[in-house]
Amino acid sequence: MRWVFRGRHFLSLSDYTADEILYILQTAEGLKRRWMVGETLTILSGKTLAMVFEKPSLRTRMSFEMAMYQLGGRAMYIGPQEIGLGKREAIKDVATVLARMVDGVMVRTFAHEILVEMACHSRVPIINGLSDLHHPCQVLGDLLTIQEKKGRLPELKITYLGDGNNVCHSWLAAAAILGLQLTICSPVKYLPHPDIWQWAQERGAQSGATIVHEVDPFVAARASDVLYTDVWTSMGKENEMEERINHFKTFQVNDSLLRQAKDDVIVLHCMPAHRGQEITDEVMDGPHSAVIDEAENRLHAQKALLALILN
Ligand code: CP
C-alpha cells in the first residue's frame, strides 16, 4: 500500500486524496464480501472505539458499533448527557483523557470546530460522525452504494436536491476530489456554505469535476443517474421547519420528478427520511430506491475506515 492510514483523523473527505478514498471503498468492498460469506474477522482484536454522541442517531451508532464488533474490537457509547463537551469539561481535556483509554474516538456534535479542537489534542484518530459542516462517513457509504449499483463513479450525473447542509458539503468534497459530475439543486436561500462551494470549484478544476448549481428541480433531475435527497430541516434547526417546508416544497423527490431522470436512476437518501416532505412513500419504497442498501453500506464503509486508521 502506498498510503499511510494508521493514526489519521477523519474529519472531512478533503483530508484524503482521491486514491486514498478509492482505496477505502475498495477495502469496504472486500470486507463486505467477507462478511457476506460469514467470515469471522479479528482485524481490530483488542482495539476500542469511544462513540461520543451529542445528537440522536440510529445508523451512525449501530454501524460503528457493529463495525467494531465484526472486526473483533469493541465500541462504547457515550450519550448526550454524559460528557458535556466544552461545558462540563474542556474539549481538550476530553480528547486527551479519551486518548489514554481508547484507540479511536467517533464524535457526533454540533460545531465542526469542536472536532478540529479534539483532533488537535488527541493522539488517537478522531472520526467525524456528523458535524454542522460535514458528514463524511455518510458520503463514504453513498459512494460505495453508487459504485455497487452503477459499477463506477465518474461520468454519472449525480443530483443532490435540497438543503445545502453537511451532507451536501461532504458531497461537494467527494465530487471535487474524485472528479465527479455533481448538480446541487437548492433554493437560493439554502445554498451550501460559500467557502466550501469555492473550495470545491477550485479543487474540482484540478480533478476534472463538474459541479454546478441549478435552482429548478425538474431541470436538475433531467438525465440524472443518481437522485439524492436529505431532510429539509436538519437537527438543530427544528424551529425553522415551517418556513423551510414552504421554500423546499417544489424540491420533493416524487414520481413526476423521477420521470425526468434516466430510466435506471437510483434514488438515495441518507435517512432518517421525512416521508411526504423531501421524498414520497412511492419513491422511497419504489424500484429505484437504494436507500436501505445505502444505510447498510455505512457499516461496510466504516469498517474499512476503522480497519485502516485504527490498525
Ligand atoms: N444518516 C445518518 O447519519 O443517520 P443517523 O442520524 O441515524 O445516524
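Counting starts at 1 for both ligands and their atoms, following the listed order.
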Visitor: Please list the nearest protein heavy atom to atom 7 (O) of ligand 1 with its residue and the distance rounded to 0.1 Å.
Guide: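 The closest one turns out to be L58 N, 2.7 Å.
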Visitor: Would you mind running through ligand 1 and noting each atom that sits below 4.0 Å from a heavy atom of R298?
Guide: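 Checking each atom against R298, I get 1 (N), 2 (C), 3 (O).
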Visitor: Give the residue and atom name of whichever protein heavy atom lies nearest to atom 6 (O) of ligand 1, and the separation in Å to one decimal.
Guide: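 Sorting protein heavy atoms by distance from atom 6 (O) of ligand 1 puts R108 NH1, 2.8 Å first.
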Visitor: Among residues two or more places apart or on two chains, list those pairs meeting ring-ring contact (aromatic ring centres under 6.0 Å, His included) that have a residue in residues 45-78.
Guide: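 For residues 45-78: F53-Y77.
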Visitor: Can a donor-acceptor pair be found between the side chains of E278 and T229 at a distance below 3.5 Å?
Guide: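 On atom types as modelled, these side chains do not qualify, holding no pair under 3.5 Å.
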Visitor: Of M68, M76, M101, which meets side chain to side chain contact (heavy atoms under 4.5 Å, CB included) against T48?
Guide: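 One option only clears the test, and that one is M76.
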Visitor: So, is R61 polar-close to ligand 1, with some N/O to N/O distance under 3.5 Å?
Guide: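 In this structure, R61 places no N or O atom under 3.5 Å from an N or O of ligand 1.
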Visitor: Please identify which atoms of ligand 1 are closer than 4.0 Å to at least one heavy atom of C270.
Guide: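 The atoms of ligand 1 under 4.0 Å from a heavy atom of C270 are 1 (N).
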Visitor: Check whether the side chains of S14 and R203 place a donor and an acceptor atom closer than 3.5 Å, and report yes or no.
Guide: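 Absent: no donor and acceptor within the cut-off.
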Visitor: Is there a nitrogen or oxygen of M235 sitting under 3.5 Å from a nitrogen or oxygen of ligand 1?
Guide: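 Checking ligand 1 against M235, no N or O pair falls under 3.5 Å apart.
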Visitor: Walk me through whether K237 and D163 qualify under salt bridge (Lys or Arg N to Asp or Glu O under 4.0 Å).
Guide: CA-CA 12 Å; K237 299 199 187 290; D163 189 17; over 6 Å; no
Visitor: Would M62 count as a contact of ligand 1 if the rule is a heavy atom under 4.0 Å away?
Guide: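 It does not; every heavy atom stays at 4.0 Å or beyond.
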Visitor: List the closest protein heavy-atom neighbour of atom 4 (O) of ligand 1: residue, atom name, distance to the nearest 0.1 Å.
Guide: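 The closest one turns out to be R59 NE, 2.9 Å.
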Visitor: Do T210 and Q181 have side-chain N/O donor and acceptor atoms under 3.5 Å apart?
Guide: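 Side chains of T210 and Q181: no pair found under 3.5 Å.
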